[in-house]
Engineer: 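Sharing a structure below in structure tokens format, with a few things to ask.
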Amino acid sequence: MENRKKLPNFVDLDLLVFRIGELSRMTGISSRQLRYWEQRGYISAMDREDEHKARLYNFHTLIQVLIISRLLDEGYRLPSAVEKMHDMVKKMSITREFFTRAFQGIEVDGDTVKMNLGYFDDAHTQTLYGLNEDGHIRYEVEPAHPEQ
DNA sequence: GTTCTAACA
DNA sequence: TGTTAGAA
């Protein structure tokens, strides 16, 4: 698979680090539960220098806990919720990769948004556009410009 | 003030 | 899973 130049992220999510109390308040999951989930291997804290030191959690774990929390509210039991969370995270990762590769730019003209979604065909003769007008999305295919 | 582990409800 | 205890 061909890899293109990787652009640096505009926001470094690794800078977002939370202690257990903060994670608890942000997710509605008690500190006791968070420690228990970690013990069961459902979530993980960042590497700790030694035991008896405060746990630190990264952004990815925050997302994981939020998803599990929502699934529990929907009636899933913890093990099933964790399993489904992993499935959702995996699919979202692939979805993001698809979209990131396709996205070539966006034009805004009044209430109309026109998004360049890249070449429509392998021969690179046509470009796919997604248009959003008053909440409705439709697609157009146009001849590709030489230098895209 | 917060978090730690361990123990008991 | 909640709540405590004493220590860090």
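Numbers restart at 1 for each chain; the letters A, B, ... are given by sequence-line order, proteins then strands. Computed from a predicted model, the values in this text were never measured in an experiment.
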Engineer: Would you indicate which nucleotide in C:dG2, B:dT3, B:dT5 comes nearest to any side-chain atom of A:R19?
Structural biologist: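 Selected nucleotide (nearest to the side chain): B:dT3.
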Engineer: Looking at A:R77 and A:E83, is any side-chain nitrogen of the basic one under 4.0 Å from a carboxylate oxygen of the acidic one?
Structural biologist: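 No salt bridge links A:E83 with A:R77.
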Engineer: Could you tell me the separation between the CD atom of A:Q39 and the C1' atom of B:dT3, rounded to a whole number of Å?
Structural biologist: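 One finds 17 Å between C1' of B:dT3 and CD of A:Q39, rounded.
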Engineer: Less than 3.5 Å apart, any donor N or O on the side chain of A:R32 or A:Y36 sitting next to an acceptor on the other?
Structural biologist: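 No.
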Engineer: With a cut-off of 6.0 Å (strictly less than), are more than 12 heavy atoms of other residues, nucleotides or ligands near CZ of A:F103?
Structural biologist: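 Result for CZ/A:F103: enclosed.
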Engineer: Could you tell me how far apart A:D50 (CG) and B:dT5 (C1') are, to the nearest whole angstrom?
Structural biologist: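 So the CG-C1' distance, A:D50 to B:dT5, works out to 14 Å.
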Engineer: Once you round it to whole Å, what is the distance between P of C:dA8 and CD1 of A:I20?
Structural biologist: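 About 20 Å, once rounded to whole Å.
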Engineer: Strictly below 4.0 Å: does A:S30 bring a side-chain N or O up to OP1 or OP2 of C:dG2?
Structural biologist: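 Yes, because at least one side-chain N or O of A:S30 sits under 4.0 Å from OP1 or OP2 of C:dG2.
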Engineer: Rounded to the nearest Å, what distance is computed from the CG atom of residue A:L34 to the P atom of nucleotide B:dC4?
Structural biologist: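 Nearest whole value for this atom pair: 10 Å.
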Engineer: Quick one: A:R35 CZ to C:dG2 C1', roughly how many Å, whole number?
Structural biologist: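 Result: 12 Å.
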Engineer: How close or far is atom P of B:dC4 from atom NZ of A:K53, stated in whole angstroms?
Structural biologist: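 Atom NZ in A:K53 sits about 12 Å away from atom P in B:dC4.
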Engineer: It should be established whether A:R55 places a side-chain nitrogen or oxygen under 4.0 Å from OP1 or OP2 of nucleotide B:dC4.
Structural biologist: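 Checking B:dC4 against A:R55, a side-chain N or O does come within under 4.0 Å of OP1 or OP2.
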Engineer: Rounded to whole angstrom units, what separation is found between the OH atom of A:Y36 and the P atom of B:dT3?
Structural biologist: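 After rounding, the reported distance stands at 22 Å.
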Engineer: With a 4.0 Å cut-off, would you call A:R138 and A:E140 a salt bridge?
Structural biologist: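 Counted as a salt bridge, because a side-chain N and a carboxylate O are separated by less than 4.0 Å.
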Engineer: Tell me whether the side-chain N/O atoms of A:R32 come closer than 4.0 Å to OP1 or OP2 in B:dA6.
Structural biologist: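 Indeed not, no polar side-chain atom of A:R32 lies that close.
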Engineer: So which one's nearest nucleotide on DNA chain C is more toward 5', A:H52 or A:L78?
Structural biologist: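 Checking each residue's closest nucleotide, the 5'-ward one belongs to A:L78.
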Engineer: CD of A:E49 versus C1' of B:dC4: gap in Å, rounded?
Structural biologist: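 Taking CD of A:E49 and C1' of B:dC4, I get 15 Å after rounding.
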